[in-house]
Amino acid sequence: MKEWWIQVGLIAVPLLAVYLHIPPPNLSPALYTWRSTGAFFTYQEQRIFYRDSWGAVGSSDVVILLHGFPTSSYDWYKVWEGLTQRFQRVIALDFIGFGFSDKPRFHRYSIFEQASIVEALVNHLGLIDQKVNLLSHDYGDTVAQELLYRDLPRDSSSQTDSEAA
């Protein structure tokens with residue numbers, strides 16, 4: 001390990017930039033367009049970025065896209081157009097701490113909170129009583145599992161025959 005100082009430098013430079021509050025570089029034209037076609041809503045005093053596109057005429061299907069770690073809703077840019085040809089609405093958000101959403105310091109991030117943010121977005125967009133499809137990957141898979149769990153029926157009439165026996 002002759003060149004140990006290179007490895008130390010690769011770790012130290014980004015940490016120093018964060019510590020000194022060096023601003024991030026300008027957005028690429030593609031990211032600038034992505035952000036400018038999106039919107040924000042507020043969840044517990046935090047600004048959450050989302051993008052909502054209307055697509056296929058005649059379809060009533062809505063899909064919400066949940067991104068992976070450590071990225072953002074921009075993960076979906078290559079398939080966005082194709083999804084708008086299939087679904088009436090295509091919606092993606094940046095989880096808190098990711099992408100264009102707020103990144104509060106000293107915050108206790110959790111999967112449960114990310115799921116609550118998705119539920120708040122659904123409510124914000126007036127989709128609370130509508131069937132919504134989820135498309136997720138990586139970190140978003142765990143958030144999707146939490147959302148599915150929350151949507152399970154909780155009464156005894158939902159038991160299967162084998163459970164009732």
Please tell me if the side chains of Y43 and H124 come closer than 4.5 Å, counting only heavy atoms from C-beta onward.
no

Can you tell me how far OG of S59 sits from CD of Q85, rounded to the nearest 0.5 angstrom?
12.0 Å

How many angstroms lie between CG in L127 and CD1 in I64, if you round to the nearest 0.5 Å?
6.5 Å

Under the side-chain hydrogen bond (donor to acceptor under 3.5 Å, both in side chains) rule, what do Q46 and H107 come out as? Steps first, then yes or no, please.
CA-CA 11 Å; Q46 303 297 328; H107 184 80; 5.4 Å; no

Is atom CZ of F112 surrounded by more than 12 heavy atoms (other residues, nucleotides or ligands) closer than 6.0 Å?
no

Looking at R86 and D61, what are the two nearest heavy atoms and their distance?
NH1-OD2, 2.8 Å

Please name the pair of heavy atoms, one in D94 and one in I48, separated by the smallest distance, quoted to 0.1 Å.
O-CG2, 3.5 Å

Which atom of P70 lies closest to which atom of F98, heavy atoms considered:
CA-CE2, 3.8 Å

dist H137:NE2 -> L66:CG (nearest 0.5 Å) comes out at 9.0 Å

Is the closest side-chain heavy-atom distance between F41 and I117 below 4.5 Å?
yes

If we ignore hydrogens and angles and just use 3.5 Å, is the side chain of Q130 paired with the main-chain N or O of S60 as donor and acceptor?
yes

Is the side chain of N123 donor-acceptor paired with the backbone N or O of I128 at a distance under 3.5 Å, no angle test?
no

Compare all side-chain heavy atoms of L93 with those of S101 and state whether any distance is below 4.5 angstrom.
no

Beyond-backbone contact of V62 with K131, side-chain heavy atoms, under 4.5 angstrom:
no

I111 CD1 to F95 CZ distance, which is reported to the nearest 0.5 Å
7.5 Å

I need the minimum non-hydrogen distance between G99 and S72, along with the two atoms involved.
CA-CB, 3.6 Å

On the 0 to 90° scale, with breaks at 30° and 60°, tag the Y139-F69 ring pair as parallel, tilted or perpendicular.
tilted

Could you check whether S116 and R150, counting side-chain N and O atoms only, form a donor-acceptor pair closer than 3.5 Å?
yes

Between the CD1 atom in I91 and the OG atom in S73, the distance rounded to the nearest 0.5 Å is 12.0 Å

Among Ile, Leu, Val, Met, Phe, Trp and Tyr joined by side-chain contacts under 4.5 Å, find the other residues sharing a cluster with W80 and list them by chain and number.
L27, L31, Y32, W34, F40, F49, V63, L65, Y74, W76, Y77, V79, L83, F87, V90, F100, L135

Contact summary for D141 and S136, nearest pair of heavy atoms:
OD1-OG, 2.7 Å

Looking only at heavy atoms, which two atoms of L147 and A115 are closest? And how far apart?
CD2-O, 3.4 Å

